Amino acid sequence: MTGYVSLHGAPGEYPRGYTELARGTWAWLEPNGSWGEANAGLVVGDGETLVVDTLWDVRLAAEMLGEAESLVARAPITTAVNTHRDGDHWWGNVALPPDVRIWASDATRAEIDHEPPPRALATLNRLSRLSRHAPGRVGRLASYTADMLGPFAHGRTTPRPPTDGFAREHTLDVGGREVRLLRLGPAHTDGDAVVHVPDAGVVFAGDLLFVGVTPVIWVGPMSHWVTAIDRLLALGAEHYVPGHGPLATRDDLLAQRAYWEWLISASTLQFETGRPPAEVMRRLVDDPGFGRFRDWLAPERLALNVLARHRELTGAGPAQHDPVSRSVMFSHVAELHRVLS
Ligand SMILES: [Zn+2]
């Protein structure tokens with residue numbers, strides 16, 4: 001315990017802020033890695049700096065960039081990378097200096113064009129707070145959603161999308177340092193990219209990696225996430241910075257790989273019997289294979305992952321993010337949350 005209280009009000013399990021991983025290479029960690037508690041990073045070269053991801057709202061981004069001032073005093077921020085399309089990794093772009101070039105994979109840029117804007121989440125947050133005491137499923141969904149969005153200020157943000165794209169790989173020169181952008185998706189999202197800094201032995205893995213936190217798959221397929229983890233391991237880095245949670249060890253990568261392998265096989269067995277997703281979720285909670293993952297934060301995200309597996313097996317395509325589809329998905333999450341807690 002650190003004495004720090006997380007954005008969601010839990011005791012901080014590891015220190016918040018910058019950790020130097022190698023000379024001029026920093027991770028920004030936001031304990032404990034739950035909804036919207038996303039990590040970021042800095043790569044400081046000779047006379048210029050690159051930022052990896054910019055958090056979920058302008059206030060958090062401004063704080064993260066403000067804390068970086070002494071680190072980048074002789075190397076101003078010229079470049080940023082957004083690892084993927086989820087708002088908790090790029091809505092803070094607005095706080096970057098105005099002339100910064102912002103990179104993302106082409107697939108991420110295409111997804112961003114179809115994402116609901118911050119003001120839609122601000123509205124959802126308001127409505128959820130109003131209806132959180134409603135009876136039954138409606139109240140449970142509202143309560144879960146209000147808790148998820150509560151710590152964040154989305155209302156007045158007009159998002160600032162990435163300015164530059166790449167297909168599968170792109171190498172940047174950041175003040176004489178090589179920084180490799182690799183798209184390893186589709187998995188969590190279509191465009192998932194990681195940032196590899198070879199001279200530091202560091203990989204910023206975005207949401208292809210969660211540590212001590214249950215991962216969520218929006219696009220998939222799951223088998224592709226397993227492949228993505230193998231590619232991360234093959235990079236042989238000394239430090240892996242997850243999108244959420246503390247710095248990863250190789251065992252953390254293997255644990256997440258094991259989660260997907262368990263879920264692929266256990267859910268297939270359940271769906272083969274013709275059971276509907278809600279029943280499969282509840283049965284998987286009692287599956288002995290789930291035991292080792294049950295203590296990760298937000299284990300109820302299993303609901304989203306079972307729905308994703310159902311879409312995979314029925315050929316239904318990626319998760320839709322319109323308000324109705326989102327409410328249906330998160331209603332399953334809220335119900336499973338009740339079962340698990
Ligand atoms: Zn995230």
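Quick caveat: nothing in here was measured; it's all calculated off a predicted structure. Throughout, numbering of the chain's residues begins at 1 and tracks the sequence. Both ligands and their constituent atoms are indexed starting at 1 by order of listing.
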S.K.: Return yes when atom CG of D287 has more than 12 non-hydrogen atoms of other residues, nucleotides or ligands closer than 6.0 Å, and no otherwise.
M.R.: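 Yes - once you tally the heavy atoms of other residues, nucleotides and ligands closer than 6.0 Å, there are more than 12.
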S.K.: Find, among atoms of D207 that are N, O or S, the one nearest to the Zn ion (ligand 1), and state its name.
M.R.: OD2
S.K.: Please name the atom of H89, restricted to N, O or S, that is closest to the Zn ion (ligand 1).
M.R.: NE2
S.K.: Are W35 and H8, when compared by the centres of their aromatic rings, separated by less than 6.0 Å?
M.R.: no
S.K.: Please name the atom of H244, limited to N, O or S, that comes nearest to the Zn ion (ligand 1).
M.R.: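 That would be atom NE2.
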S.K.: In D88, the N, O or S atom nearest to the Zn ion (ligand 1) is which?
M.R.: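 For D88, the N/O/S atom sitting closest to the Zn ion (ligand 1) is OD2.
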S.K.: Any side-chain donor paired with an acceptor under 3.5 Å for D53 and T83?
M.R.: yes
S.K.: Just checking, is any N or O donor in the side chain of S325 or Q320 under 3.5 Å from an acceptor N or O on the other one?
M.R.: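 Looking only at side-chain atoms, Q320 and S325 do not form any donor-acceptor pair under 3.5 Å.
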